[in-house]
Amino acid sequence: MRRVSALAHTSVGKKVLMAVTGFIWFGFLVGHMAGNLKAFTGAEHFDEYAHHLRVFGEPMVPPMGFLWTFRLLVLVAFVGHVILAWQTSRGSHAARQVAYRKQEHLSFSRASGFMRWGGVAILVFVIFHLLHMTTGQLHPDFVEGAAYANLVGGLSSPVVAGLYVLAMVAVSAHLYHGLWSLFQTVGAAHPKYHAARRPLAVAAALVIFFGFISIPVAVLTGVLTF
Amino acid sequence: MNFTLHVWRQDGPEVPGGFETYEARDISEHMSFLEMLDLVNEGLTHDGHEPVAFEHDCREGICGSCGMMINGVPHGPKGMVATCQLHMRSFRDGDEIWIEPWRATAFPVLRDLAVDRGALDRIIDAGGYISVRTGSPQDANALLIRKEDADLAMDAAQCIGCGACVAACPNASAMLFTAAKVSHLGLLPQGQPERYTRVLDMVTQHDREGFGNCTNHGACQEACPKGISVDFIARLNRDLVVSTWKTAGD
Ligand code: HEM
Ligand code: FES
């Protein structure tokens with residue numbers, strides 16, 4: 001723990017922690033996406049999977065035990081990532097108080113300019129998403145435990161489905177720069193596999209993007225119905 | 001050649017500044033950017049105005065003092081040269097040229113285009129040195145160094161501390177500078193004893209000076225007159241993780 005907090009004392013260490021917490025989120029997204037894709041195997045399967053998450057490991061693990069442990073890890077990673085993003089952004093703003101009259105964009109990655117605002121968009125989306133699909137306050141006809149019906153019902157409005165697609169644009173763009181950046185941040189940018197980093201980041205971002213948007217698109221086009 | 005210059009004028013660190021417009025007439029295409037400014041200054045002095053203050057020394061791209069933002073690019077449009085090595089033939093006749101000082105909280109403007117880059121010196125003070133036993137000199141080649149390491153160390157040692165990386169960085173971070181200094185010592189056997197205290201001390205000083213946080217944008221590498229690679233930042237990051245791991249205990 002002392003090592004972790006020591007990292008949080010330097011700008012570089014903060015970034016390393018952002019890379020680690022961001023990567024935990026990437027892992028979560030891959031799992032989440034795989035779970036979502038089970039919707040294509042039918043309502044029964046999907047509901048069973050959702051239920052399974054809640055009772056995983058029983059009786060060794062209490063009901064919801066696995067899910068909550070997992071949620072806690074992801075929550076700590078998320079909150080940590082956002083706090084560090086806020087701290088580092090504030091530091092960088094303070095570092096240049098007078099703007100240039102003219103400034104060319106020299107960076108080699110356009111996506112890097114959208115990390116902060118894209119990140120805020122993701123934060124807003126995550127809150128909406130939880131109230132929509134997990135707790136149901138923002139869902140028109142939410143039924144506890146009826147995962148498949150909630151999914152299809154929740155995404156049947158084109159506006160909401162469009163919002164999900166837009167959010168995935170933000171998430172994929174963030175991940176694209178993030179995954180590329182991560183190797184640099186933890187110092188694994190050896191020239192030998194340099195060339196592989198960008199294609200790897202593009203591929204991962206595309207898989208996440210298409211994997212996730214397949215659900216709202218399928219609901220809108222009637223491939224997934226009640 | 002003729003140019004219209006918009007030059008940042010500011011009398012001192014605490015007073016507000018602004019752009020003044022000057023016409024630069026009959027400029028030879030073979031003049032360096034600084035020589036062009038010298039000529040403009042002669043005119044200003046002749047007319048009883050204060051000349052534009054800018055820093056310069058070697059005028060051959062090795063001292064690092066001549067940095068300025070030219071049309072939104074540190075050291076101007078050519079790439080891989082310092083302002084003193086930029087020639088007017090890199091512009092077109094009649095061009096408008098905006099000239100600004102480096103903008104960073106850690107680089108206060110002293111006057112016009114001259115900024116105080118003392119923050120970089122203090123980062124060096126914090127760890128940019130090695131400890132050696134002095135005495136009779138060693139035989140040449142007594143310490144064998146891999147060619148690859150020697151070359152990399154030389155690449156890093158190219159840094160002239162001009163501050164273009166800070167100027168270009170959207171976060172006003174001096175990480176490329178710090179990484180070059182950390183790497184050029186850390187790659188060589190003579191730099192090993194302090195390798196892990198050096199990186200932590202230098203990064204801590206970097207943060208303390210009020211430079212921003214690197215976000216792997218890469219603008220620094222594009223702006224660097226010496227072409228120093230962001231790979232050195234990755235190397236610094238790795239050394240910092242190891243250093244934190246070693247010093248913090250558990
Ligand atoms: C509220 C939401 C979020 C905010 C405000 C946010 C903000 C940021 C910022 C400012 C950076 C550093 C930018 C840079 O290095 O250029 C970053 C990096 C990163 N983010 Fe996020 N982010 C958020 C959510 C996420 C999510 C959901 C994921 C995972 C899918 C994620 C994954 C990453 C990764 C992998 C990095 C790379 C770290 C590095 O630079 O090495 N972020 N984020
Ligand atoms: S005057 Fe020395 S580098 Fe330009």
Side-chain angles (χ1 to χ4, degrees), chain A residues 1-20 84-85 87-116 119 177-191 194 197, chain B residues 6 8 17 19 69-74 77 98 100-101 103-106 109 166-175 178 199-200 203-204 206-207 209-223 229-231 233-242 244-245 247-250:
Chain A
M1 247 357 251
R2 216 178 316 149
R3 286 171 169 148
V4 173
S5 68
L7 271 181
H9 281 133
T10 52
S11 59
V12 175
K14 284 193 173 102
K15 261 185 76 66
V16 171
L17 292 176
M18 287 192 69
V20 172
L84 290 163
Q87 285 183 346
T88 51
S89 309
R90 233 183 34 153
S92 293
H93 276 294
R96 175 167 298 130
Q97 282 150 340
V98 183
Y100 288 108
R101 168 67 203 262
K102 272 188 95 124
Q103 189 175 17
E104 292 292 324
H105 284 277
L106 296 174
S107 80
F108 46 54
S109 158
R110 292 257 148 201
S112 55
F114 297 107
M115 292 307 267
R116 290 182 192 138
H177 179 67
L179 287 176
W180 175 84
S181 196
L182 192 147
F183 293 95
Q184 171 86 6
T185 298
V186 300
H190 195 278
H194 224 38
R197 282 165 62 203
Chain B
H6 303 282
W8 182 264
F19 285 97
M69 201 75 163
I70 302 168
N71 278 346
V73 182
W98 291 80
E100 299 175 69
R103 299 283 187 205
T105 310
V109 172
V166 179
C169 176
N171 305 303
S173 173
M175 210 50 82
T178 310
V199 62
L200 194 56
V203 168
T204 302
H206 166 280
D207 298 349
E209 295 291 347
F211 291 110
N213 303 286
C214 169
T215 58
N216 302 336
H217 237 71
C220 51
Q221 171 181 288
E222 307 300 310
S229 160
V230 293
D231 290 355
I233 299 184
R235 175 177 286 278
L236 172 144
N237 293 343
R238 186 163 64 231
D239 277 4
L240 185 106
V241 172
V242 174
T244 307
W245 195 258
T247 51
D250 51 3

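Chain letters run A, B, ... following the sequence lines, proteins first, then strands; residues in each count from 1.
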Inset, instruction - Below 4.5 Å from any heavy atom of chain A, which atoms of B:P101 appear? Answer side chain, backbone, both or neither. - result: backbone

Inset, instruction - Provide the closest heavy-atom pair for B:S173 versus B:H206 in the form atom of the first, atom of the second, distance. - result: OG-NE2, 3.6 Å

Legend entry - Among the listed options A:E104, A:R101, A:H105, the residue most often paired with chain B at heavy-atom distances under 4.5 Å: A:R101

Inset, instruction - Output the option from B:N171, B:D239, B:V166, B:L236 having the highest count of non-hydrogen pairs under 4.5 Å with chain A. - result: B:N171

Legend entry - Nearest heavy atoms of A:Q97 and B:T105, plus distance in Å: OE1-OG1, 3.5 Å

Inset, instruction - For A:Y100, look at atom OH and say whether over 12 heavy atoms of other residues, nucleotides or ligands are found less than 6.0 Å away. - result: yes

Inset, instruction - Write down the atom of A:G187, the atom of B:N237, and the distance for their closest heavy-atom approach. - result: N-CB, 4.2 Å

Legend entry - Side-chain heavy-atom pair B:C214, A:V12 within 4.5 angstrom cut-off: no

Inset, instruction - With the side chain counted from C-beta on, respond yes when B:M69 and B:R103 share a heavy-atom pair under 4.5 Å apart, and no when they do not. - result: no

Inset, instruction - Determine whether the side chains of A:S181 and B:N216 contain a donor N or O and an acceptor N or O closer than 3.5 Å. - result: yes

Legend entry - Residue, of A:S92, A:A6, A:A94, that accumulates the most heavy atom pairs under 4.5 Å with chain B: A:S92

Inset, instruction - Check each atom of B:D207 against the heavy atoms of chain A and say whether the ones under 4.5 Å are side chain, backbone, both or neither. - result: side chain

Legend entry - Largest heavy-atom contact set with chain B, pairs under 4.5 Å, which of A:G13, A:A95, A:A99: A:A95

Legend entry - Side chain / backbone / both / neither for B:H6 at chain A, heavy atoms under 4.5 Å: neither

Legend entry - Side-chain touch B:V241/A:V186, heavy atoms, less than 4.5 angstrom: no

Inset, instruction - Check whether A:V16 gets within reach of chain B through its side chain, its backbone, both or neither, counting any heavy atom under 4.5 Å. - result: side chain

Legend entry - Portion of B:C220 that has a non-hydrogen atom of chain A nearer than 4.5 angstrom: neither

Legend entry - Selection from B:A167, B:A168, B:A106 maximising heavy-atom pairs under 4.5 Å formed with chain A: B:A167

Inset, instruction - Name the option with the most non-hydrogen atom pairs under 4.5 Å to chain B; the candidates are A:R96, A:K14, A:Q103, A:R90. - result: A:R96

